[in-house]
Amino acid sequence: MENKTCIAMVPSPALSHLIPHVEFAKQLVQQHHDLHVIFLIPTLGSISPSTEAILNTLPPNINFIILPQVNNIQHLPQNIHPATKMKLIVKHSIPFLHDALQSLLSRTHIVALVLCIFATDALEVAKQLNLLSYVFFASGATTLSMCLSLPKFDESVSSEFLDLSQTVNVPGCVTPFQVKDLPDPCLCERSSETYRSFISICQTLWLVDGVIVNSFTDLEAEVIRELTNGDNPCVYSVGPIIQTESSSKVNKSTCMTWLENQSPSSVLYVSFGSGGTLSHDQFNELAFGLELSGHKFLWVVRAPNEIAYSAYLDGQKEDPLEYLPNGFLDRTKGKGLMVPSWAPQIEVLGHGSIGGFLSHCGWSSILESVVHGVPMIAWPLFAEQRMNAALLTNGLKVAVRPKVDESGLVKREEVAKVIKRIMELGDERLEMRERMKELSVGADAALGEHGSSKRALSSLALKWRNC
């Protein structure tokens with residue numbers, strides 16, 4: 001380690017953000033053996049078993065340091081947005097981060113600090129210690145383009161709220177986005193801490209030495225071309241970066257054994273990511289819609305909660321299967337498999353019996369679906385997921401999006417309708433599957449010997465090696 005060029009990485013204290021950072025680090029050191037990565041991980045409390053499992057299986061040329069727990073923000077509001085919470089944890093960890101890096105610099109050759117999007121407050125540490133600074137942007141190039149253009153757009157707005165009925169142009173995108181589909185902080189009061197904090201993050205993107213984005217040319221060609229036109233920060237598109245196998249074996253045997261007994265492309269996989277939750281009413285409508293569709297399904301069930309991100313950082317303790325409608329398990333016996341809280345998503349999406357994916361549209365889930373060529377039902381919950389859903393349905397045309405009624409619910413009839421659109425034979429399904437197959441081939445090519453993503457990673461490694 002003392003003789004190698006080292007890269008320090010600061011991920012957000014959330015499993016769904018840690019995983020792409022770890023996978024990026026693995027690709028980096030696998031392709032460039034003379035590089036070493038050190039993770040510096042901020043914490044609010046004890047790390048979860050899932051996080052511990054990932055960290056304890058890192059290859060020899062990737063190390064980690066758990067920073068001391070932050071104690072002065074323990075009593076945060078119960079419903080605080082996870083983005084705000086993660087940013088606060090990192091901000092209060094900066095003294096620990098500075099000390100850890102200073103200690104490492106005395107015995108290792110660290111040249112760069114790679115930050116999660118919610119760790120940009122640590123940019124000051126990179127400057128103090130004369131390190132190159134980068135942001136690892138775990139979402140897509142379209143969201144990155146929006147973030148880079150948002151500060152200028154904000155200057156043109158005079159009202160306290162952005163007008164939800166309007167559209168906004170994102171550089172590189174032909175079709176404008178609805179303002180209501182922008183990330184959550186954009187929908188807050190412009191004078192609020194959440195909104196101003198998000199603007200600050202977007203402004204910081206212009207101050208770093210480069211942005212590493214988890215996307216690839218065939219997926220977001222025009223946006224990536226726009227981002228690399230010379231007027232933006234240096235952008236490296238290195239995706240798709242996904243896990244090659246699930247980090248946990250929870251429910252793995254149950255899921256895979258059940259899938260083995262199903263026909264090809266006959267099962268709808270239903271999952272809202274590592275922490276997404278539905279309201280109790282929406283939970284019931286989804287359950288009845290799955291039943292009404294008549295199609296087979298594998299549902300990762302999480303207990304309902306009125307706050308969509310309630311399980312994102314803190315998990316859940318109750319048995320979610322207890323919330324299913326009366327008689328649901330009996331009525332769907334043989335048709336559906338319900339597993340609590342977690343499934344081996346990589347292995348599930350790669351199984352031949354899966355014909356569709358009802359997803360919250362987190363970026364990692366999208367990339368996993370693309371790599372395995374599985375068309376989607378886009379059901380966004382929070383963060384930038386609505387933008388991702390719009391990209392999937394309007395831009396890439398590889399997903400359908402259910403309609404929300406005047407009460408804010410997707411009713412059971414609508415659930416059944418979109419399931420049939422994606423699972424039953426017809427032109428729409430065939431076109432989506434064909435397009436997904438093309439993107440899957442493009443993903444494979446991007447990471448290939450002469451692929452665009454592999455070249456981008458090599459140019460980044462060369463820059464670090466020459467420091």
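One is the number of the first residue; the rest follow in order along the sequence.
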### Task
Check Ile117 against Thr120 and note the closest heavy-atom contact, atom names and distance.
O-CG2, 3.4 Å
### Query
Looking at side-chain heavy atoms only, is the closest gap between Leu28 and Trp464 below 4.5 Å?
yes
### N/O donor-acceptor pair under 3.5 Å between Ser353 side chain and Gln262 backbone
no
#### Entry: Considering all heavy atoms, the nearest Phe96-Gln69 contact
CE1-O, 4.1 Å
### Query
Got a donor-acceptor contact below 3.5 angstrom from the Glu222 side chain to the Cys173 backbone?
no
### Query
Is the number of heavy atoms from other residues, nucleotides or ligands within 6.0 Å of CD (Glu424) greater than 12?
yes
### Task
Check whether any side-chain heavy atom of Lys296 lies under 4.5 Å from a side-chain heavy atom of Leu268, and answer yes or no.
no
### Query
How many angstroms lie between atom NE2 of His295 and atom OG of Ser266, to the nearest 0.5 angstrom?
10.0 Å
### Task
For Ile224 and Val235, run side chain to side chain contact (heavy atoms under 4.5 Å, CB included): C-alpha distance rounded to whole Å, both residues' side-chain angles, the deciding distance at 0.1 Å, then the answer.
CA-CA 8 Å; Ile224 290 174; Val235 173; over 6 Å; no
### Task
For the pair Lys454 (side chain) and Ala446 (backbone), establish whether a donor and an acceptor sit closer than 3.5 Å, ignoring hydrogens and angles.
no
### Query
Got more than 12 heavy atoms from elsewhere within 6.0 Å of CG, Asn56?
yes
### Message
Using 0.5 Å steps for rounding, measure from the NE2 atom of His360 to the CG atom of Leu278.
### Response
11.5 Å
### Query
Given Glu306 and His280, is the side-chain hydrogen bond (donor to acceptor under 3.5 Å, both in side chains) satisfied, shown in steps?
CA-CA 7 Å; Glu306 298 303 314; His280 197 277; over 6 Å; no
### Task
Let me see the working for Val170 and Phe177 under side chain to side chain contact (heavy atoms under 4.5 Å, CB included), right down to the final yes or no.
CA-CA 7 Å; Val170 173; Phe177 284 83; 3.6 Å; yes
### Test of ring centre spacing under 6.0 Å for Phe283 and Trp299
yes
### Query
Where do Asn214 and Ile241 come nearest, in terms of heavy atoms and distance?
OD1-N, 2.7 Å
### Task
Mark yes or no for whether Ser459, through its side chain, and Ala456, through its backbone, hold a donor-acceptor pair below 3.5 Å.
yes
### Message
Tell me if the centroids of the rings in Phe136 and Phe24 come within less than 6.0 Å of each other.
### Response
yes
### Message
Please find the pair of heavy atoms, one from Ile201 and one from Lys87, that lie closest to each other, and give the distance.
### Response
CG1-CE, 3.5 Å
### Query
Taking it one step at a time, do Ile38 and Ile7 satisfy side chain to side chain contact (heavy atoms under 4.5 Å, CB included)?
CA-CA 6 Å; Ile38 306 167; Ile7 312 301; over 6 Å; no
### Query
Given side chains that start at C-beta, do those of Met86 and His17 come closer than 4.5 Å, heavy atoms only?
yes
### Pair Lys403 + Glu414: basic N to acidic O under 4.0 Å
no
### Task
Examine the side chains of Gln345 and Ser246 and answer whether a donor and an acceptor come within less than 3.5 Å of each other.
no
### Leu349 side chain near Tyr269 side chain, heavy-atom distance below 4.5 Å
yes
### Message
List the residues meeting ring pair (Phe, Tyr, Trp, His ring centres under 6.0 Å) with Trp363, not counting sequence neighbours, and say none if there are none.
### Response
none
### Query
So, Arg302 side chain and Gly276 main chain: donor-acceptor pair closer than 3.5 Å or not?
yes
### Message
Tell me the closest heavy-atom pair linking Ala100 and Leu67, and the distance in Å.
### Response
CB-CD2, 4.0 Å
### Check: Trp342 main-chain N/O paired with Asn251 side-chain donor or acceptor under 3.5 Å
yes
Side-chain polar contacts of residues 369-381 - donor-acceptor pairs under 3.5 angstrom, sequence neighbours left out - could you list them?
from, atom 1, to, atom 2, distance (Å)
Ser369, OG, Val374, O, 2.7

### Query
Relative to the ring of Phe328, is the ring of Phe297 parallel (under 30°), tilted (30 to 60°) or perpendicular (over 60°)?
tilted
#### Entry: Flag, side chain of Thr257 to backbone of Ser253, donor-acceptor distance under 3.5 Å
yes
### Task
Check whether any side-chain N or O of Arg331 sits under 3.5 Å from a backbone N or O of Asn326 as a donor-acceptor pair, and report yes or no.
yes
#### Entry: Lys26 atom NZ, neighbour heavy-atom count above 12 within 6.0 Å
yes
### Task
For Ala141 and Val223, work out which heavy atoms get closest and say how close.
O-CG1, 3.3 Å
#### Entry: Sidechain-backbone polar pair: Arg435 side chain, Val398 backbone, donor-acceptor under 3.5 Å
no
### Message
Taking the side chain as everything from C-beta on, heavy atoms only, tell me whether Tyr236 gets closer than 4.5 Å to Val213.
### Response
no
### Message
Salt bridge or not between Glu428 and Arg421? Use side-chain N to carboxylate O under 4.0 Å.
### Response
yes
### Message
Quick check: do Val404 and Leu409 have side-chain heavy atoms less than 4.5 Å from each other?
### Response
no
### Task
May I ask you to test the Val267-Val348 pair for a side-chain heavy-atom distance under 4.5 Å?
no
### Query
When you check the side-chain N and O atoms of Ser279 and Asp281, is any donor under 3.5 Å from an acceptor?
no
## Note on the structure
Per side chain to side chain contact (heavy atoms under 4.5 Å, CB included), His36 is matched among Thr108, Asn61, Ile62, Ile110 by Asn61
### Distance (rounded to the nearest 0.5 Å) between Leu40 CG and Leu115 CG
10.0 Å
#### Entry: N/O donor-acceptor pair under 3.5 Å between Glu368 side chain and Ile346 backbone
no
### Query
Step by step, would you call Asn388 with Ile366 a side chain to side chain contact (heavy atoms under 4.5 Å, CB included)?
CA-CA 8 Å; Asn388 293 342; Ile366 289 172; 3.6 Å; yes
